[in-house]
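The structure under discussion appears below in the form of structure tokens.
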Amino acid sequence: MPIIKILPHAEYCPNGTEIEAPVGTSICEAMLDNGINIEHACDMSCACTTCHVIVKEGFNSLNEAEEEEEDLLDKAWGLQPQSRLSCQAILARENVTVEIPKYSINHAKENH
């Protein structure tokens, strides 16, 4: 199983961590399954940008972003060339390292 290394984030993962997840799992699902409560206001339906992550390592091992995801990413805070919506980024066999941006554009946080 691939390992997802999550860099420290003050709110969601203060010390950073590493988690394992099965191939074919989205990064968002893997984080949620392991107690990292990243925002996902649209319930992982590719309709918002609250689960935006920056893939620091392993970007090319993920599935390609579809046009809908790329259009949404244009609205994400802190967009970088290796940005993905974690609900759409599907793990392959390689390990990945992700950074959760400091902010999101979600003005009203949901209790998921």
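Below, all heavy atoms of this structure are taken into account, side chains as well, without hydrogens, waters or symmetry copies.
Checked by atom type and distance alone, the side chain of H52 pairs as donor or acceptor with a backbone atom of W77 at under 3.5 Å. H9 places a side-chain N or O within donor-acceptor distance of the main-chain N or O of P101, the cut-off being under 3.5 Å. Remark: the backbone N or O of I6 is not paired with any side-chain donor or acceptor of T17 at under 3.5 angstrom. The closest donor-acceptor contact from the side chain of E69 to the backbone of L85 lies under 3.5 Å. In terms of modelled atom types and a separation under 3.5 Å, the side chain of N63 and the main chain of Q88 share a donor-acceptor contact.
Residues Y12 and V55 share a hydrophobic cluster, clusters being chains of Ile/Leu/Val/Met/Phe/Trp/Tyr side chains in contact below 4.5 Å. Under the 4.5 Å side-chain contact rule for hydrophobic residues, I90 and F59 do not share a cluster. No path of Ile, Leu, Val, Met, Phe, Trp and Tyr side chains, each step under 4.5 Å between heavy atoms, connects V98 with I3, placing them in separate hydrophobic clusters.
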Pair N37-L32, side chain to side chain contact (heavy atoms under 4.5 Å, CB included): steps then yes or no
CA-CA 5 Å; N37 295 318; L32 294 170; 4.2 Å; yes
Could you please spell out the steps behind the side chain to side chain contact (heavy atoms under 4.5 Å, CB included) verdict for I38 and V53?
CA-CA 10 Å; I38 188 169; V53 295; 3.9 Å; yes
Show, in sequence, the C-alpha distance, side-chain angles and deciding distance for M31 and S86, and conclude whether the side chain to side chain contact (heavy atoms under 4.5 Å, CB included) test is met.
CA-CA 9 Å; M31 286 194 281; S86 64; 4.1 Å; yes
Show your reasoning for whether side chain to side chain contact (heavy atoms under 4.5 Å, CB included) applies to L91 and L62.
CA-CA 6 Å; L91 295 168; L62 301 170; 4.3 Å; yes
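When all heavy atoms of S61 and V96 are compared, the closest pair comes out as OG-CG1, 3.9 Å. Closest approach of A10 and P14 over heavy atoms only: O-CG, 3.6 Å. Between C42 and S45 the shortest heavy-atom distance is O-OG, 2.9 Å.
Contact annotation: the side chain of Q82 never approaches that of E99 to less than 4.5 Å [non-hydrogen atoms, C-beta and beyond]. In this structure, V23 and P2 have side chains that are in contact, with non-hydrogen atoms separated by less than 4.5 Å.
Atoms CD and OG, from E70 and S83 in turn, are 11.5 Å apart once rounded to the nearest 0.5 Å. The SG atom of C28 sits 12.5 Å away from the CZ atom of R84 when rounded to the nearest 0.5 Å. One finds the OG1 atom of T97 at 7.5 Å from the CD atom of E18 (value rounded to the nearest 0.5 Å). To the nearest 0.5 Å, atom CD1 of residue I100 and atom CD1 of residue I27 are 10.0 Å apart. Atom CD1 of I19 is separated from atom CD1 of I4 by 4.0 Å, given to the nearest 0.5 angstrom.
Looking at residues two or more places apart in sequence or on another chain, you find a side-chain hydrogen bond (donor to acceptor under 3.5 Å, both in side chains) between S26 and E29.
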